[in-house]
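In what follows, every chain begins at residue 1, and chains take the letters A, B, ... in the order their sequences are listed.
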Protein chains: 2
Amino acid sequence: MSDRPLSANAASGETVPCEDCPLRRRAAFRSLSEDELHFIERLKIGEATFVKGQALLTEGTRSPYVYTVLHGWGFRYKLLEDGRRQILNYALSGDFLGLQASVFGDTGYSVEALGPLRACVFQRERLWELYKSWPSLAFDLTWLAAREERILDDNLLSVGRRSALERVAYLVMHLFARAESVGLATGDRLTLPITQQHVADTLGLSLVHTNKTLSRLVRLGLLRWHAGSLALVERDKLAALAGFDLEARSVRPLI
Amino acid sequence: MSDRPLSANAASGETVPCEDCPLRRRAAFRSLSEDELHFIERLKIGEATFVKGQALLTEGTRSPYVYTVLHGWGFRYKLLEDGRRQILNYALSGDFLGLQASVFGDTGYSVEALGPLRACVFQRERLWELYKSWPSLAFDLTWLAAREERILDDNLLSVGRRSALERVAYLVMHLFARAESVGLATGDRLTLPITQQHVADTLGLSLVHTNKTLSRLVRLGLLRWHAGSLALVERDKLAALAGFDLEARSVRPLI
DNA sequence: CGGGTTCTTGACTAGTTTCAAGCAAAGTGG
DNA sequence: CCACTTTGCTTGAAACTAGTCAAGAACCCG
């Protein structure tokens, strides 16, 4: 099913023309010219809905598709043979998935939906047209790749050099900031469909220790966390503890 | 000094025209058309030599330059305020440095030379010309970005989910494979200018534990390591222990 | 031949994992 | 609609991996 998302899912909703894309209305994304928009419209071959647990991409396979998330959450991960899992990053509205697949053919990681997830679908091989005729969009793709690299750099710093307490604080701040930038947070509150096992696999910790660390942050009065419902009680203190940069974000491209 | 590498270093050696670039002769790199080569030649504003410990890029600054390493080793890293260091990746012949700088203006990491390092220098702002007129080269840049992403994914998997023994084995295999692909390894031997502190900061381990783990691998008869001189005694066993993929590499672009 | 790095080793400590058990909440099916 | 199962969360205790401290040896470089 995961390798034929279109036939399996295309019927499950109305396809939105790129001009009417709800994401484009958000200030977080750079606005495109008529022509650029038109090109993307032609590049897009449809939309697909994925259910919780369904794979968008699978490690080691050659997906013919790449995606841009419209709404919903997903996560990118790798497995060791014995089942140990490392979550590399999360995907939410506006995130592009499948750059490695576009460039190398095969994907080095898997992507799974954390709940109902809707995505724009593009044909991997036609992405080359974008480079030939739309340098501005090609640059946008590079922008997105550089952003992914920056997030990975930060995560690696966390997992390699921060204590468990700092790590959890950093992840919470990171996810909140990203969700907020696409309008998913209300004040200091955010509902995110991840379990403590996901947090553990993101931070390189065990489930038990993650639970204890999370409880510690709650007891310290810095945040609240109940079944994926997150509230930042002391945002500044969390940021300070995590070494997280609270500065404003710039506008970003959307493909 | 690090922000004016050209004036400081340009005199320290002959500049090689791109057509005569020794790297291009290697099978690892894809060959370019006359026109592509000519364009890169015009984009290049010189070469620079860096000494051990010198910075090519500095976290949080806006370097006007980006680089391609000609020879020598460097490493990319981030610091926490209290001095904890995480090494994100290494840079050697053919590696492009400064993608984040090109796209965001400021750099999120630092790059430091591990010994004498010579690099091609490009002006960050003129990279946009490459997108406008040379889609094939723009795609190459994206290729390099995707490769960096893949390496970071792998490192994150290591640091997050592998044991100390597996981590060291993985790093050794990774560095050896990269060095070998650009002709720096002889048989099963390689001289790499890194200390055990670098290994520790790459893998998220303490110096002492890194030393003990390295000794254990030596005692197990899998490798030899003396002051940066590495020999893979049991390459297959190391790969198996590390969960490292021994498969052949494809040709890669060079900018 | 110093003097500084880098490496090595042992003893002790702290942080984290593993094991185990129980509970709460949310499905699922008869 | 209620037993039954599954999934996720929580807690305590024991085991272990990795970190810290300390000191000395080996190695380079000038």
Side-chain angles (χ1 to χ4, degrees), chain A residues 51-53 73 75 80 82-87 112-116 158-169 171-172 191-220 223-230 241, chain B residues 51-53 73 75 80 82-87 112 114-116 158-172 191-220 223-230 241:
Chain A
V51 299
K52 180 176 168 179
W73 291 71
F75 66 102
L80 252 24
D82 61 3
R84 281 175 286 177
R85 179 175 71 173
Q86 177 64 40
I87 296 182
E112 184 180 314
L114 280 160
S158 255
V159 177
R161 285 297 179 222
R162 280 192 246 254
S163 70
L165 200 69
E166 294 168 331
R167 271 185 242 187
V168 174
L171 180 63
V172 158
T191 306
L192 68 178
I194 68 176
T195 66
Q196 295 187 6
Q197 184 66 65
H198 290 113
V199 176
D201 287 348
T202 307
L203 300 178
L205 297 170
S206 70
L207 171 61
V208 173
H209 197 58
T210 298
N211 177 275
K212 286 171 180 167
T213 307
L214 215 34
S215 311
R216 193 138 70 96
L217 283 172
V218 172
R219 241 180 300 116
L220 287 169
L223 58 81
R224 269 170 291 156
W225 173 289
H226 291 300
S229 168
L230 168 70
L241 172 61
Chain B
V51 299
K52 180 177 170 180
W73 291 72
F75 66 102
L80 252 22
D82 62 3
R84 280 176 286 177
R85 179 175 73 174
Q86 177 64 41
I87 294 181
E112 184 179 313
L114 280 160
S158 255
V159 177
R161 286 295 177 224
R162 281 192 245 253
S163 70
L165 200 70
E166 294 168 332
R167 272 184 240 186
V168 174
Y170 186 90
L171 180 63
V172 158
T191 306
L192 68 178
I194 68 176
T195 66
Q196 295 186 6
Q197 184 66 64
H198 291 114
V199 175
D201 287 347
T202 307
L203 300 178
L205 297 170
S206 71
L207 171 61
V208 173
H209 196 59
T210 298
N211 177 275
K212 286 171 180 169
T213 306
L214 215 33
S215 311
R216 192 137 70 98
L217 284 171
V218 172
R219 241 179 299 118
L220 287 168
L223 58 81
R224 270 169 290 156
W225 173 288
H226 291 298
S229 167
L230 168 71
L241 172 62

B:Asn211 side chain near C:dC7 phosphate (N/O to OP1/OP2, under 4.0 Å): no
Distance in angstrom units between A:Trp225 CH2 and D:dG8 C1', rounded: 12 Å
Spacing of B:Leu165 atom CG relative to D:dC16 atom P, expressed in whole Å: 17 Å
Length of the line joining A:Leu207:CG and D:dG8:C1', which is rounded to integer Å: 8 Å
Atom-to-atom span, CG of B:Leu203 to P of D:dG19 - whole angstrom: 10 Å
Value rounded to 0.5 Å, distance of CG in A:Leu203 from NE2 in A:His209: 10.5 Å
From D:dA18, D:dT11, C:dT16, nucleotide with atom closest to A:Arg167 side chain: C:dT16
Between D:dG19 (C1') and B:Asp201 (CG): distance, integer Å: 14 Å
The single option from A:Leu114, A:Leu207, A:Leu192 passing side chain to side chain contact (heavy atoms under 4.5 Å, CB included) against A:His198: A:Leu114
5' precedence on DNA chain D between A:Ile194 and B:Lys212 (nearest-nucleotide basis): A:Ile194
Closest to side chain of A:Val208, choosing from D:dC9, D:dG19, C:dC19: C:dC19
A:Arg162 side chain to A:Arg167 backbone, donor-acceptor under 3.5 Å: no
side-chain N/O A:Gln196 vs D:dT10 OP1/OP2, d < 4.0 Å: yes
Phosphate contact (C:dT5 OP1 or OP2) by B:Gln197 side-chain N/O below 4.0 Å: no
Residue B:Thr195, side-chain heavy atoms: nucleotide from C:dT6, C:dT8, D:dT20 that is nearest: C:dT6
Rounded distance (Å) that lies between atom P of C:dC7 and atom CG of B:Leu230: 13 Å
Length of the line joining B:Arg84:CZ and D:dT20:C1', which is rounded to integer Å: 14 Å
Euclidean distance, A:Leu171 CG relative to A:Ile194 CD1, rounded to 0.5 Å: 6.0 Å
Of the listed nucleotides D:dT11, C:dT16, D:dA22, the one nearest the side chain of A:Ala164: C:dT16
Nucleotide C:dG15, atom P - distance to CD of A:Glu166 in whole Å: 12 Å
Sugar-phosphate only, base, or nothing, as touched by A:Gly204 at under 4.0 Å among non-hydrogen atoms: sugar-phosphate
N/O donor-acceptor pair under 3.5 Å between B:Arg161 side chain and A:Arg84 backbone: no
